[in-house]
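This report concerns only the one structure given below.
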Amino acid sequence: MNQQGMGPIARAAAAERMRETDAAARVRAEYEESPEYRIGCELLDGLTQELGISAEQAAALLASGARPESMDVLSRKAAATLIELEREGKLQRPAGEYLQDSAFQKLLLELPAAAAVRVYDAEHGAAAAAGQPADPDAEAAVLEKLRARRALPTPLRSAAPASAQEDFANMTSEEFERFKQRYFSR
């Protein structure tokens, strides 16, 4: 029924209901636009993706103040990576076989899961090609080489050319005084 067919009391009641609905919609929109709401949603989304849990479980974690232990988070990340690699067909054996081997578990403590898989497969592939069992010290040698590469010094100067313009924001007071003397002595 349209408002013209309603009596004055019915029109007033309908208008009041519309104002209540509009007010509720405005409050809801304002709440959903608030930074607190957005940050909360980002926290929940991050926990669900990082830990592989449902939104309700993530909300319960946040509400209870309990935090998963770091090894639990690392284990879940490694398992998620192994499952993804298995789904993509990039594993040479089932994911369970990797996880049962203590050598692979040690690699997981030192390297990200994808890199640990590559190192583990390379060690066992080279050992199988040579007809020998995998050398337990091979992992230590590979890890030592990786640590040595990380310890190499990096060049202080970048390869990018320097700008010809003066950088006043990063100048010291003395450098600025020298610049003023050069510039105004012309």
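Predicted model only: the values in this text are computed from it and were never measured.
Distance check, rounded to the nearest 0.5 Å: CD of Glu123 to CG of Leu107 gives 5.5 Å. Here the straight-line distance linking atom CE of Met171 with atom CD of Glu177 works out to 11.0 Å at 0.5 Å rounding. Considering CD of Glu88 and CG of Leu85, their distance stands at 6.0 Å, rounded to 0.5 Å. Going from atom CZ of Phe176 over to atom CD of Gln181 covers 11.0 Å, rounded to the nearest 0.5 Å.
Of the possible donor and acceptor atoms, none in the side chain of Glu33 sits under 3.5 Å from a partner among the backbone N and O of Glu30.
The closest side-chain heavy-atom distance from Leu82 to Phe104 is below 4.5 Å.
The list of salt bridge (charged side-chain N to carboxylate O under 4.0 Å, His left out) pairs with a residue in residues 92-106, not counting sequence neighbours, reads Arg93-Glu97, Arg93-Asp121.
Considering every non-hydrogen atom in both Leu91 and Glu86, the closest pair reads CD1-CB, 3.6 Å.
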